[in-house]
Structure formats: C-alpha cells, structure tokens
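The structure under discussion appears below in the form of structure tokens.
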Amino acid sequence: MSKTLIDLFSQKLITWHSRHGRSGLPWQGKRDPYAVWVSEIMLQQTQVATVLERYPRFMKRFPTVKKLAAAHIDEVLAEWAGLGYYSRARNLHNCAQQVVSEFGGRFPSDPDSLEKLKGIGRSTAGAIAAFAFHARAPILDANVKRILARLFAIEGALQNKLVNDGLWSLADKLLPKKPSDMPVYTQALMDFGATWCTSRKPACLSNEKKCPFEKDCQANLINQALSFPQKIMKAKSPEFDCNMLLIRSGNSILLQKRPSRAIWGGLWSLPESNWVAKSDKKRKLPTFKNIFEESLPNENVGPWLKACKDVTLGSRIKHVFTHRRLWMQIWEVTASRNLELKSEDLRWIPIRQLGRYGLPQPIKILLQGLNLVRDGDLKN
DNA sequence: AACACGGGGGG
DNA sequence: CCCCCAGTGTT
C-alpha cells in the first residue's frame, strides 16, 4: 500500500521548513513556557513585524511570570497599548496570577490544563505544549485551517461545527510521530501558512515559489486554491458619531479610564459622549452642555461649564473597528482651574506622564499631532 | 452559533 | 478610499 499525504505530510513540511522557514525570530527556539506563552498571545491577531518590536520590550519589562503577576493591570495595559484586543492583556495578567497561585509559578505541560487558563484556547494551548514541552498536540489557527482546507478541498464554512471538528481531527492525524519533531513541525506549519499558502497569493499561483504539495493539494489539482476555505459575506459595519472632550488645565489633560468590557477596555481615553448611529437622522445636534453631561455624567456639570473657556471645535477623527466605524469629534477646552473630580475613573494626567498610561491608538496619534505633547512624553 | 474585540497591510 | 486578516471569551 502506498503512503498517503497524511503519512508523508509532516516530514515533507519539515523538509520545506529547513529551506524556507523563518528563523532568528526572538521567540523561536525557546522552551521557557513563559516566553513561548507571551509570544503566542502577542502573535494572535498581530503581525510578526509588530511583535518583533514589542515582544522584546514586553519581556524586558516583565521577565518572569511572577513579575507579570505582581504588576498592576495599568502597567500591563500601558505596555500593551497599540497592540489592540486589550482583553488579551487583561487575560495575560489574569493568567499569570493563575499560574502563580494554582501552579506555583510553573506552567502545566499538558494542553488540557493549559486550555483552562485565561486567554489560552485550544490552539494556543497546543502551540505552548508543542514548543515548550514537545507534546503531540495540534494547533489550528487561521493559517492551518487554510492549508488543510486547500490540501483536502474541504467544503463548507469554517464556522460550521462539523467542518471545524473535522479540521481538528485532521490536524491531529497529520502530527509527526516523534515528539521531538513537534517544535519544528508546529513552526513549519505556521510559517508555511504565513508565507507560502497565503490567503491571497498562494505559492501555487506564483512564479517564484514552488509548492511542495502541488501534486497532493486537492484544491490546486482543480485550480481552485483561492476558493478554499469558503468565505462568508459579511455585512457592512454600522457607523457611529461621538464627541470627545480634550480638557486641558495647565500642563494636565483630563483622562477617563474606560470600562474593561468596552472597546479599548481598561485604557485611558478622553471623556466621550454617547455614541449615536449615523443613520439616526432625527437626532438633534448636541449642545456643548449636552456633550458635557453625557461625557461626565457623575460630575456636577454647572461648575465645570463655568470653569471652562476657549472652547474650540477640534479635529474629526475616523476610526474603523471590526464591527463598527466611529467618527470622533474632538472639542478642545481649557479649564481655568483644577476642579474636584468625583468619579475614580477620571484623572488629571500631567502631559509629561502620559507615557505611563495605556492610550487608544487614535487618541495617542491625536495628542502627538497637537503641539502640546513633546517627543518622548508618550514613551514609557 | 453569532458576535465582540483594534490595528495594520495591501490594492 | 475599500477590502482582508485573525483567537478567545461571552452570550
């Protein structure tokens, strides 16, 4: 009986990796589960080029899981700012505390235990177990799903449970037999999806690259690589308007800590009014007083309005999220004196100390564009 | 099963 | 400008 693709896949992939895989990245070749874990979380939803800048900085600031567990969440969020998906940072912090309190500061080595930790799903658990412990555990991120969907011409949407379960089962069958091959195999799978079996320009459609699986790949054999995996049409994201207050008093700016479940959860941002759907044509134009009342609902607005002068319409910023598009109208205000703040989520931040706070990327860019922030003020 | 959650790259 | 990309947690 001849060998099938399933039998040969892992060795062919490892051979491909020896010639074309990415190497020399700072998180590669490590067996320290902490270092592996941080890199895997950071690499979720974030490109290698970005992680290349931020991973060494993070590891220098939080060199061990114990240091991370002992840090204040605001320090972790400040270090994470600009990477997006801030629940990752909150889960990272939470998970570090779990590892310290439940496992004495040592990560468990089996995928099932890893998956019980905050922010670690099945795929990341597999990656950590494979890299740090040589466990024969599969990963199944979007790159791997794409590779398998093409190799085996798998029909149906990836969201479909049967399709997803089938992919996991396939990923398991394809694992190399030798546990010692798990790190290089897992790395090879990630690299192959990221650089050769890419979403839009796969190697099989390129003149420069020769795919080692071109004679095996069911999608390629029918010239349909781009048709796998099946894509689902998604609706256009709704649009919203809101107002934001840039209140200055002397050398300080009033910032508000965002609720942890919201967009930019846990970061410090400008006080903002309610979001209004742009399609809501009946809405009245808000007055400045309205904006204040919506932005600072716990404060006594009267004294604030009296203490404010030089109200000017600032820039209008568009920001796009996965499921929303937001237009932010900035109102620039000078407060004549520092007012007493009633809510704990409000704080006067000296401009020179802004770097200590995690700011949403568009707010950071806004403040950089204003001359009131000097180079270095936003660096932590 | 569907949705929420940011930011960056490429056309 | 628009489109594409992407794990985990929550509901």
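So you know, we letter chains A, B, ... as the sequences are listed, proteins then strands, and number each from 1. The structure presented is a predicted model; accordingly, all values stated were derived computationally and were not measured. Below, all heavy atoms of this structure are taken into account, side chains as well, without hydrogens, waters or symmetry copies.
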Protein-nucleotide distance ([X], atom [atom1]; [N], atom [atom2]), rounded to Å:
{"X": "A:Trp275", "N": "B:dC5", "atom1": "CH2", "atom2": "C1'", "value": "11 Å"}
{"X": "A:Leu52", "N": "B:dG8", "atom1": "CG", "atom2": "P", "value": "15 Å"}
{"X": "A:Ile263", "N": "B:dC5", "atom1": "CD1", "atom2": "P", "value": "5 Å"}
{"X": "A:Leu267", "N": "B:dC5", "atom1": "CG", "atom2": "P", "value": "14 Å"}
{"X": "A:Asn164", "N": "B:dA1", "atom1": "CG", "atom2": "C1'", "value": "12 Å"}
{"X": "A:Trp80", "N": "C:dG7", "atom1": "CH2", "atom2": "P", "value": "14 Å"}
{"X": "A:Gln361", "N": "B:dC5", "atom1": "CD", "atom2": "P", "value": "18 Å"}
{"X": "A:Leu140", "N": "C:dT8", "atom1": "CG", "atom2": "C1'", "value": "14 Å"}

Heavy-atom neighbours of [X] [atom1] exceed 12 at 6.0 Å:
{"X": "A:Lys67", "atom1": "NZ", "value": "no"}
{"X": "A:Asn251", "atom1": "CG", "value": "no"}
{"X": "A:Arg106", "atom1": "CZ", "value": "no"}
{"X": "A:Lys231", "atom1": "NZ", "value": "yes"}
{"X": "A:Arg316", "atom1": "CZ", "value": "yes"}

task = For A:Ala49, report the nucleic acid contact type (base, sugar-phosphate, nothing); a contact means any heavy atom under 4.0 Å.
result =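 Contact class for A:Ala49: none.
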request  = Remember a base hit wins even if backbone is also touched, and classify A:Lys145 as base, sugar-phosphate or nothing at under 4.0 Å, heavy atoms.
outcome  =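 Answer is nothing: A:Lys145 stays at 4.0 Å or more from every strand.
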Return the nearest nucleotide to the side chain of [X]; candidates are [options].
{"X": "A:Thr124", "options": "C:dT10, B:dG8, C:dG7", "answer": "C:dG7"}
{"X": "A:Pro362", "options": "C:dC2, B:dA4, B:dG7", "answer": "B:dG7"}
{"X": "A:Trp264", "options": "B:dG7, B:dC5, C:dG7", "answer": "B:dG7"}

query = For A:Arg200 and A:Asn160, take the nucleotide of DNA chain B holding the closest heavy atom to each; which residue's nucleotide lies nearer the 5' end?
reply =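 The residue whose closest nucleotide sits nearer the 5' end is A:Asn160.
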Single-linkage hydrophobic cluster, 4.5 Å side-chain cutoff, A:Ile330 and A:Ile351 together =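 In one cluster: yes.
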Taking only the side-chain nitrogens and oxygens of [X], find out if one of them lies under 4.0 Å from OP1 or OP2 of [N].
{"X": "A:Lys116", "N": "C:dT8", "answer": "no"}
{"X": "A:Lys201", "N": "B:dG11", "answer": "yes"}
{"X": "A:His319", "N": "B:dG7", "answer": "yes"}
{"X": "A:Gln159", "N": "B:dC3", "answer": "no"}

query = Under 3.5 Å, side chain of A:Arg88 to main-chain N/O of A:Gln44, donor-acceptor pair present?
reply =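 Confirmed, A:Arg88 side chain pairs with A:Gln44 backbone.
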query = Where the side chain of A:Asn91 meets the backbone of A:Ser87, is there a donor-acceptor pair that is under 3.5 Å apart?
reply =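 Between the backbone of A:Ser87 and the side chain of A:Asn91 there is a qualifying donor-acceptor contact (under 3.5 Å).
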task = Could you pick out which residue, A:Lys318 or A:Arg146, lies toward the 5' side of DNA chain C when each is mapped onto its nearest nucleotide?
result =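 The residue closer to the strand's 5' end, by nearest nucleotide, is A:Lys318.
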request  = Please work out which residues in residues 20-47 of chain A have a non-hydrogen atom less than 4.0 Å from an atom of DNA chain B and list them by number.
outcome  =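 Only A:Gln45, A:Gln47 qualify.
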ask   = Quick check, are the ring centers of A:Phe213 and A:Phe9 under 6.0 angstrom apart?
value =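 Between A:Phe9 and A:Phe213, which both carry aromatic rings, the centre distance is below 6.0 Å.
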ask   = Under 6.0 Å between the ring centres of A:Trp264 and A:His319?
value =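 That pair passes the under 6.0 Å test.
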key: Contact list for DNA chain C against residues 83-93 of chain A - heavy-atom distance below 4.0 Å   =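 A:Tyr85, A:Asn91 - these, ordered by number, are the residues of the stretch whose heavy atoms sit under 4.0 Å from the strand.
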